[in-house]
Structures are given as C-alpha cells and as structure tokens.
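Throughout, residue positions are numbered sequentially from 1 according to the sequence presented.
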Amino acid sequence: MAIELTCPSCGAINRVPEDRLDSHPVCGKCKTRLLNGQPLAASDASFQRLVDRNGLPLVLDFWASWCGPCQQFAPTFQASAADFATRARFIKIDTQACPQTAARFQIRSIPTLMIVSNGKEITRLSGALPKAQFDQWLEQHLG
C-alpha cells in the first residue's frame, strides 16, 4: 500500500509504498529526501495541506521563540524527529506566526505536543519532556 508524503522542500505530494519508507525516498519533482529526519516548519497556509496529504501520523510542537522551555525542548524534538523519521512527520508550529492553527487546536500553554493521525487528534501533552520520556510517549501513541 502506498502513502502520501508532502515534500519538505517544494510541497509536492508523493506516493510512496509503505515498505519503501526505510529506503530514503526522494521527491519526484525536486529530488529532495522526503523523510530527512528534520522537523518541518508549518505556517497557517501550509498546515492543512500537511494534515490532509501525509500518510504518516504528525507529531506537532506548538511553541514560541520567547518561551524558555520551548527553546530547551527544541533539541529533543529534533533528535526524536531523526529517530522516528519513518514512523511520523514532526512539525513545529510557531504560535505567534500561526495564530489560526493555534486557535484551531485551542492551544492555551506552550510547549504543547500533539499527535494527529488522519486529521484527528490522538493525544496531547502540555510541557516539555526529557528525551527518554518523550520517546516513550511517542512509542506509546505511535504504536
């Protein structure tokens, strides 16, 4: 079975067989690696396309540049994005730059971490975690 993945570089939609996710698939349009292990930055304009056109679950980090715990958690989020690159797409959402997306999910505190699959919220967590606990939370909810 093939899943859709949005290219992190050009935004093109690519269909990739699930059994080829570990083979470093590239975008058919711009040849960029689709699963490069880096979190994607979303805007209000691009967020819905990421939700609608990605076959993998999304791990969302709602953050702000002025937030100390958000800044401290950023390396953990990035490291886990690399570790779980073929199991989920990791997306950072700056709540100041993306007020519509933050309002849509009723974000009241930051950082807020969330897993969305097939457009539906699976779970959320407020506050930053150490890497081992964050990875455990991911394992628990990504299956």
Side-chain angles (χ1 to χ4, degrees), residues 1-65 67 70-143:
M1 182 170 147
I3 63 170
E4 291 184 331
L5 294 174
T6 304
C7 176
S9 181
C10 72
I13 304 301
N14 293 265
R15 292 178 51 82
V16 178
E18 283 187 72
D19 61 350
R20 305 261 343 254
L21 291 176
D22 289 327
S23 304
H24 308 293
V26 297
C27 176
K29 184 175 180 182
C30 73
K31 307 303 183 211
T32 299
R33 277 185 59 188
L34 294 172
L35 301 172
N36 61 11
Q38 297 294 314
L40 305 174
S43 65
D44 279 338
S46 69
F47 182 77
Q48 193 59 48
R49 182 175 174 94
L50 289 169
V51 169
D52 291 344
R53 304 304 294 265
N54 273 293
L56 293 175
L58 306 176
V59 179
L60 310 178
D61 176 12
F62 291 91
W63 69 285
S65 60
C67 169
C70 297
Q71 297 299 329
Q72 292 173 339
F73 180 70
T76 297
F77 191 78
Q78 184 160 355
S80 293
D83 294 344
F84 288 82
T86 60
R87 295 181 56 196
R89 300 298 298 260
F90 285 67
I91 301 174
K92 293 191 68 71
I93 302 157
D94 182 340
T95 56
Q96 289 187 298
C98 304
Q100 293 172 335
T101 304
R104 171 183 170 185
F105 287 100
Q106 300 176 354
I107 301 303
R108 301 283 181 250
S109 65
I110 53 174
T112 292
L113 309 168
M114 187 179 303
I115 297 176
V116 173
S117 184
N118 298 320
K120 295 186 174 120
E121 180 180 333
I122 303 300
T123 187
R124 83 167 55 196
L125 175 71
S126 292
L129 293 174
K131 183 161 183 346
Q133 289 160 321
F134 181 54
D135 287 353
Q136 182 180 8
W137 182 75
L138 292 169
E139 287 286 352
Q140 178 183 355
H141 295 289
L142 292 176

Would you name the heavy atoms of [X] and [Y] that are closest together and state the gap between them?
X    : Y    : result
G127 : L113 : O-CD1, 3.7 Å
L138 : I115 : CD2-CD1, 4.2 Å
T32  : C7   : CB-SG, 4.2 Å
I3   : G55  : CB-CA, 4.0 Å
L50  : A42  : CD1-CB, 4.0 Å
L56  : R89  : CD1-CD, 4.1 Å

- Item | Residues in side chain to side chain donor-acceptor pair (under 3.5 Å) contact with N118, at least two apart in sequence or another chain |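 Expected list: none.
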- Item | Test side chain to side chain donor-acceptor pair (under 3.5 Å) applied to Q136 - qualifying residues, sequence neighbours left out |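 By the side chain to side chain donor-acceptor pair (under 3.5 Å) rule, Q136 matches no residue at all.
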Answer yes or no: does atom [atom1] of [X] have more than 12 heavy-atom neighbours from other residues, nucleotides or ligands under 6.0 Å?
X    : atom1 : answer
R104 : CZ    : yes
R20  : CZ    : no
K29  : NZ    : no

[X] vs [Y] side-chain heavy atoms within contact, under 4.5 Å:
X    : Y    : value
I110 : I107 : yes
L60  : F47  : yes
C27  : S9   : no
F73  : P75  : no
D61  : F90  : no
T112 : S109 : yes
F105 : I93  : no
S117 : L58  : no

- Query: Between the side chains of Q38 and R33, is a donor N or O closer than 3.5 angstrom to an acceptor N or O?
  - Reply: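 On atom types as modelled, these side chains do not qualify, holding no pair under 3.5 Å.
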- Query: Between the main-chain N or O of S65 and the side-chain N or O of Q96, is there a donor-acceptor pair closer than 3.5 Å?
  - Reply: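 Side chain of Q96 to backbone of S65, a donor-acceptor pair under 3.5 Å: no, none is there.
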- Does T101 offer a backbone N or O that forms a donor-acceptor pair with the side chain of D44 under 3.5 Å?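 Such a contact is found between D44 side chain and T101 backbone.
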From [atom1] ([X]) to [atom2] ([Y]), nearest 0.5 Å:
X    : Y    : atom1 : atom2 : result
S43  : Q100 : OG    : CD    : 10.0 Å
D19  : M1   : CG    : CE    : 12.0 Å
R15  : R53  : CZ    : CZ    : 9.0 Å
L125 : M114 : CG    : CE    : 10.5 Å
C98  : I91  : SG    : CD1   : 11.0 Å

- Query: Checking side-chain contact (heavy atoms from CB on, under 4.5 Å) for the pair D94/F62: CA distance, chi angles, key distance, verdict?
  - Reply: CA-CA 6 Å; D94 182 340; F62 291 91; over 6 Å; no
- After noting the C-alpha distance and the side-chain angles of D83 and K131, does the key distance pass the side-chain contact (heavy atoms from CB on, under 4.5 Å) rule? CA-CA 11 Å; D83 294 344; K131 183 161 183 346; 2.7 Å; yes
- Task: Kindly indicate, with the supporting measurements, whether the criterion side-chain contact (heavy atoms from CB on, under 4.5 Å) is fulfilled by L35 and L5.
- Result: CA-CA 9 Å; L35 301 172; L5 294 174; 4.0 Å; yes
- Item | Stepwise side-chain contact (heavy atoms from CB on, under 4.5 Å) test for R49 and I13 | CA-CA 9 Å; R49 182 175 174 94; I13 304 301; 3.2 Å; yes
- Message: Ring centres under 6.0 Å, that's the criterion: do F84 and F134 meet it?
- Response: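 No, the ring of F84 stays outside the 6.0 Å limit from the ring of F134, centre to centre.
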- Message: Between E139 and R87 (salt bridge meaning N to carboxylate O under 4.0 Å), is one present in this structure?
- Response: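 Salt bridge: yes.
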